[in-house]
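So the structure is just underneath, and the comments pick up after that.
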2 protein chains.
Amino acid sequence: MAVQGDRRTAILRCSADLFARQGVASTTVRQIADEVGVLSGSLYHHFPSKDAIVNEVVTAYLDLLLSRYREVMAVDRTPRERLEQLIAASLRVAESEPSATVVYQNEMSYIRELPQYEAVKAAAAEVQQTWLSVIEDGRADGSFRDDIDPRVFYRFVRDAVWLSVRWYRPEGPYTVERLAADCASIFLDGYAAFDPE
Amino acid sequence: MAVQGDRRTAILRCSADLFARQGVASTTVRQIADEVGVLSGSLYHHFPSKDAIVNEVVTAYLDLLLSRYREVMAVDRTPRERLEQLIAASLRVAESEPSATVVYQNEMSYIRELPQYEAVKAAAAEVQQTWLSVIEDGRADGSFRDDIDPRVFYRFVRDAVWLSVRWYRPEGPYTVERLAADCASIFLDGYAAFDPE
DNA sequence: GTCTATACGCCGATAGAC
DNA sequence: GTCTATCGGCGTATAGAC
């Protein structure tokens, strides 16, 4: 069982890497098997289909992300602090699971056709609701602007945060914590120079 | 010739729509032919390969985008005004060519393997250079902040702008000009409420 | 749990009639 | 310029030996 668990994990990890690099549709079960070090037929002992592998990659990713979001929301903070924390939590998840993050960002049209899409949809809805509730709270207490639709602001932040997996490399001196701080500062304070007053 | 030109255009338009909806790898030449209203063999009278269709969709898109950017840069304006104009020009191109925009945003790993990738690469470099020069000018004249890497700011703006094709629908009362204004205002002034002073 | 061997369909692309 | 017909290859998935 430990062996099977390790093999399953290896299959999921190799698949996520290939899916992220080449796209799901362009990745073959033979490539996955090569990377794992078995023949393609052996994959079907662990998963019933290629789609099942995709589904598990995405589901595990969303479970991790949601658990981090729930931790952020469990603490009493201002909307601004919570927004900063959501950005930082997202970037940390993207750093620890870059391939799964890329798959989820790039392959939504593929994911939507999976047989178990409803579970993914529910998790995605909770993710969105978390962000929107924080933004609405900030509008309500006057710390955020009320002249721009919260959904528009949410989508800009979301896309900027998640697409950072396409260019951010955690190896350099620019840490993920600094990236999160810069992101929050740009979106909240703007890139225009502060008024020298 | 007019007929062939029309047919070529129809093939490009249908291909871009399918590529955007399903991904390039998952779109077959038979699907493209069905959508156009011919049989798949007939496509090869107009294009030597499926990859050639992808290449022309992307190249035409980048040509259009660059021509709009050059118009913006031809006028003497402040960095802030130019940044607003680049955002607006980008969103207008995304509105007029949504499928090609999606293809270019989603399929970079496919595009990078095309035989004629060098031309695409050159155009992409000019796009990036246009944004960066405007941002650098704003830092130089003190209108933009100098405590955050211009490349980081560029990538956040770029991703927020281009990913709007995934959710923005021009049919509603929220016009693309208003979207551009909101985008520029968030990125330059921030979403935090203005100091009531 | 992995391998060998293979079924079966769809893929991009081509040749040649019309 | 489009059609008919088809080729060779590679895709996912399966059956059964070990």
Side-chain angles (χ1 to χ4, degrees), chain A residues 1-58 103 106-107 109-117, chain B residues 1-58 103 106-107 109-117:
Chain A
M1 182 144 94
V3 171
Q4 175 172 347
D6 287 349
R7 192 63 101 185
R8 266 184 70 90
T9 307
I11 293 170
L12 288 169
R13 186 169 32 77
C14 293
S15 298
D17 290 349
L18 288 164
F19 292 160
R21 203 155 57 238
Q22 314 176 340
V24 173
S26 308
T27 300
T28 71
V29 293
R30 290 189 236 270
Q31 281 181 297
I32 296 170
D34 278 357
E35 202 80 6
V36 173
V38 295
L39 289 184
S40 65
S42 306
L43 295 179
Y44 290 86
H45 176 75
H46 303 277
F47 296 92
S49 69
K50 174 182 163 182
D51 283 357
I53 300 177
V54 178
N55 190 77
E56 190 153 330
V57 166
V58 171
V103 173
N106 287 353
E107 306 280 350
S109 67
Y110 193 102
I111 294 167
R112 205 172 287 119
E113 304 303 320
L114 293 176
Q116 294 141 309
Y117 171 58
Chain B
M1 179 144 98
V3 172
Q4 177 173 345
D6 287 348
R7 190 64 99 186
R8 266 184 70 91
T9 307
I11 292 169
L12 289 169
R13 186 168 33 76
C14 292
S15 298
D17 290 349
L18 287 165
F19 292 159
R21 203 155 57 236
Q22 314 177 341
V24 172
S26 309
T27 301
T28 71
V29 293
R30 287 174 173 85
Q31 280 181 298
I32 296 171
D34 278 357
E35 201 81 4
V36 173
V38 296
L39 288 184
S40 65
S42 306
L43 296 178
Y44 290 85
H45 177 74
H46 303 277
F47 295 92
S49 69
K50 174 182 163 182
D51 282 356
I53 301 178
V54 178
N55 191 77
E56 189 153 332
V57 166
V58 170
V103 173
N106 288 351
E107 306 281 348
S109 67
Y110 192 103
I111 293 166
R112 205 172 288 119
E113 304 304 319
L114 292 176
Q116 294 140 310
Y117 172 59

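Naming convention: chains lettered A, B, ... in sequence-line order (proteins, then strands); numbering from 1 in each chain. Note that the structure is a prediction, hence the values are computed from the model and not measured.
Rounded to a whole Å, the CD atom of B:Glu113 is 18 Å from the P atom of C:dG12. For the pair B:Leu39 CG and D:dA5 P, the computed distance is 11 Å after rounding to whole Å. Separating the CZ atom of B:Phe47 from the C1' atom of C:dG12 is a distance of 16 Å, rounded to the nearest angstrom. If you take CG of A:Leu18 and P of D:dG11, they are 13 Å apart, rounded to a whole angstrom. Between the CG atom of A:Asp34 and the P atom of D:dT12 there is a distance of 12 Å, given to the nearest Å. In this entry the distance linking CZ of A:Arg8 with C1' of C:dT2 reads 17 Å, nearest Å. The nearest whole Å value for the distance from the CD atom in B:Gln31 to the C1' atom in C:dC11 is 11 Å.
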Within the 4.0 Å limit for protein heavy atoms, which parts of nucleotides 13-18 of chain D are touched? Write it as a string from 5' to 3', B for base, S for sugar-phosphate only, - for none. BB----
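Residue B:Ser26 is out of contact with every strand shown, counting any heavy-atom pair closer than 4.0 Å.
A:Glu56 places no side-chain N or O within donor-acceptor distance of the main-chain N or O of A:Leu12, the cut-off being under 3.5 Å.
The side chain of B:His45 contributes no N or O atom lying less than 4.0 Å from OP1 or OP2 of C:dT14.
Among all heavy-atom pairs drawn from B:Val103 and B:Phe19, the shortest one is CG2-CB, 3.5 Å.
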Worked verdict on A:Val29 versus A:Tyr44 for side chain to side chain contact (heavy atoms under 4.5 Å, CB included): CA-CA 10 Å; A:Val29 293; A:Tyr44 290 86; 3.6 Å; yes
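Under the rule for a side-chain hydrogen bond (donor to acceptor under 3.5 Å, both in side chains), B:Asp34 has no partner lying at least two apart in sequence or in another chain.
No side-chain heavy atom of B:Asp17 sits under 4.5 Å from any side-chain heavy atom of B:Glu35.
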